[in-house]
Amino acid sequence: VITVMDSPSSAQRPYAYIKGSDGQLWLNWWDGSAWHWSDQGVPAQGVTIASGVGVITVMDSPSSAQRPYAYIEGSDGQLWLNWWDGSAWHWSNQGVPYIAVGIGGKVGVLTVSDSPDAARRSYAYVEGSDGQLWLNWWDGSTWHWSNLGTPSGVTIAAGIGVVTVMDSPSSAQRPYTCMKGSDGQLWLNWWDGSAWHWSDQGVPAQGVSIASGVGVITVMDSPSSAQRPYAYTEGSDGKLWLNWWDGSAWHWSDQNVPVTIASGVGVVAVMDSPSSAQRPYAYIEGSDGQLWLNWWDGAAWHWSNKSVPAPGVTVTIAGGAGVLTGWA
């Protein structure tokens, strides 16, 4: 799911992409006054939707309309892009990372701006069938596949999430990718502005490895502050753990749990006003079948039981769940 703005001063309009039982891509969207279902079809004749990779909006300039891009893995094992050029929809075959290297799993998609007044360029991260991290990206004129490799002696077990980090509101966006390694540790692949790096974030605590990801976000202490990355994971102990950057050092924080975690739902940063600090919220499905929220009030962490949709109905994450905020 994403929001789309026709101009920087326009209302945000929600778009939800799903895979239909017919193997086609479908879009449920709001035009400002009514909801619509749009059949986006299939990538090519004989190719159906295998799974989603991610959705983003792309802007050609800060004053341009946002244009939705939806990445999917086709039944042919290739990466496909369904995108809007401003007047028509297109399917583009992004191919595979390399000869004999297919898509092993999704990691995430984002846009990158080299400066606040630059275009937003699309980046799609996938796990290759070779266990390495691969990036399909647009440089402004051409598409590329880049092999970001793996940490030494470690393959990619699963993606946790991707995010861009800005050192200040006027800085370039730098992509960060969080992954679970085959060693059960949290690994970070990040761009410092001139080179790529792998950082071993370790494990939450002695004897606790990474079971699965919940999500990644950035948090700003004020609208003029640096963005600080937060990565939420489920530990092998069934607890929620947070790996976060305080501006000078990394930390692991035990968020504990009221019940053990069945699966992650999503994470988001919340602002009480456009001039307020961002406060992180993490949603999980509990082993009791209920929705739980771990959130920061500005001074302390809390767990809130969001219960269940209706009596007798438990929460089951079947795929495609997520959360979004109200500001672009």
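One-based numbering along the sequence shown.
- S87 places a side-chain heavy atom less than 4.5 Å from the side chain of D85.
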* Starting from the C-alpha separation in whole Å, work towards a yes-or-no answer on side-chain contact (heavy atoms from CB on, under 4.5 Å) for V154 and S152. => CA-CA 6 Å; V154 179; S152 180; over 6 Å; no

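- Side-chain heavy atoms closer than 4.5 Å link hydrophobic residues (I, L, V, M, F, W, Y) into clusters, and following such links, possibly through other members, connects V257 to V259.
- Listed by first and then second residue, the ring-ring contact (aromatic ring centres under 6.0 Å, His included) pairs that reach into residues 97-121 come to none, sequence neighbours excluded.
- Put simply, CD on E127 and NZ on K106 are 12.5 Å apart, with the number rounded to the nearest 0.5 Å.
- Under the 4.5 Å side-chain contact rule for hydrophobic residues, W143 and V107 do not share a cluster.
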* Step-by-step side-chain contact (heavy atoms from CB on, under 4.5 Å) determination, I160 to M179 -> CA-CA 5 Å; I160 291 175; M179 282 146 296; 5.6 Å; no

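- Residues D254 and K239 are paired through a salt bridge, judged by an N-O separation under 4.0 Å between the basic side chain and the carboxylate.
- We find the CG-NE2 distance between L148 and H197 to be 12.0 Å, quoted to the nearest 0.5 Å.
- Using a cut-off of 4.0 Å between Lys/Arg side-chain N and Asp/Glu carboxylate O, R120 and D60 are scored as not salt-bridged.
- Between the side chains of S115 and D117, at least one donor N or O sits under 3.5 Å from an acceptor N or O.
- Taking the six-membered ring where the residue is Trp, W89 and Y17 present perpendicular rings, their angle passing 60° and hence far from 30°.
- No side-chain heavy atom of I72 sits less than 4.5 Å from a side-chain heavy atom of S51.
- Note that CG of N305 and CG of D288 are 6.5 Å apart. Values are rounded to the nearest 0.5 Å.
- Atom OG of S113 sits about 14.0 Å away from atom CZ of R174, to the nearest 0.5 Å.
- Hydrophobic clustering keeps V162 apart from V126 (ILVMFWY residues linked when any side-chain heavy atoms are closer than 4.5 Å, directly or through intermediates).
- Minimum interatomic distance between P116 and P62 (heavy atoms only, all atoms of both residues): O-CG, 3.2 Å.
- Across G46 and S75, no two heavy atoms sit closer than the pair O-OG, 4.0 Å.
- Taking all atoms of both residues into account, the shortest heavy-atom contact from V267 to V214 is CG1-CG1, 3.9 Å.
- If you chain together hydrophobic residues whose side chains sit under 4.5 Å apart, L110 and V55 never meet in one group.
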* Show your working on side chain to side chain donor-acceptor pair (under 3.5 Å) between N136 and H144 and close with a plain yes or no. => CA-CA 6 Å; N136 182 254; H144 304 270; over 6 Å; no

List the atom pairs, with distances to 0.1 Å, where a side-chain N or O of residues 18-27 and a protein N or O form a donor-acceptor pair under 3.5 Å, not counting sequence neighbours.
| unit_1 | atom_1 | unit_2 | atom_2 | d |
| --- | --- | --- | --- | --- |
| K19 | NZ | I49 | O | 3.3 |
| K19 | NZ | A50 | O | 3.3 |
| D22 | OD1 | Q24 | N | 3.1 |
| D22 | OD1 | W26 | NE1 | 3.3 |
| D22 | OD2 | Q24 | NE2 | 3.3 |
| D22 | OD2 | W26 | NE1 | 3.2 |
| Q24 | NE2 | D39 | OD1 | 3.0 |
| Q24 | NE2 | D39 | OD2 | 3.0 |

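- Note: I210 CD1 to T233 OG1 = 3.5 Å, rounded to the nearest 0.5 Å.
- Here the straight-line distance linking atom OG of S225 with atom CD of Q278 works out to 9.5 Å at 0.5 Å rounding.
- Pairing each heavy atom of V101 with each of V96, the nearest pair is O-CB, 3.3 Å.
- When all heavy atoms are compared, the tightest approach of T218 to V163 is CG2-CG2, 3.5 Å.
- Looking at W241 and S253, their side chains never bring a donor and an acceptor atom within 3.5 Å of each other.
- Side-chain N/O atoms of S122 and Y71 include a donor and acceptor closer than 3.5 Å.
- Of the residues W84, W91, W83, the one that meets the ring pair (Phe, Tyr, Trp, His ring centres under 6.0 Å) test with Y69 is W83.
- Follow the hydrophobic side-chain contacts under 4.5 Å out from Y123 and you never reach V58; the two are in separate clusters.
- Taking both residues in full, the closest heavy atoms of G238 and E234 are given as CA-OE2, 4.3 Å, listed atom of the first, atom of the second, then distance.
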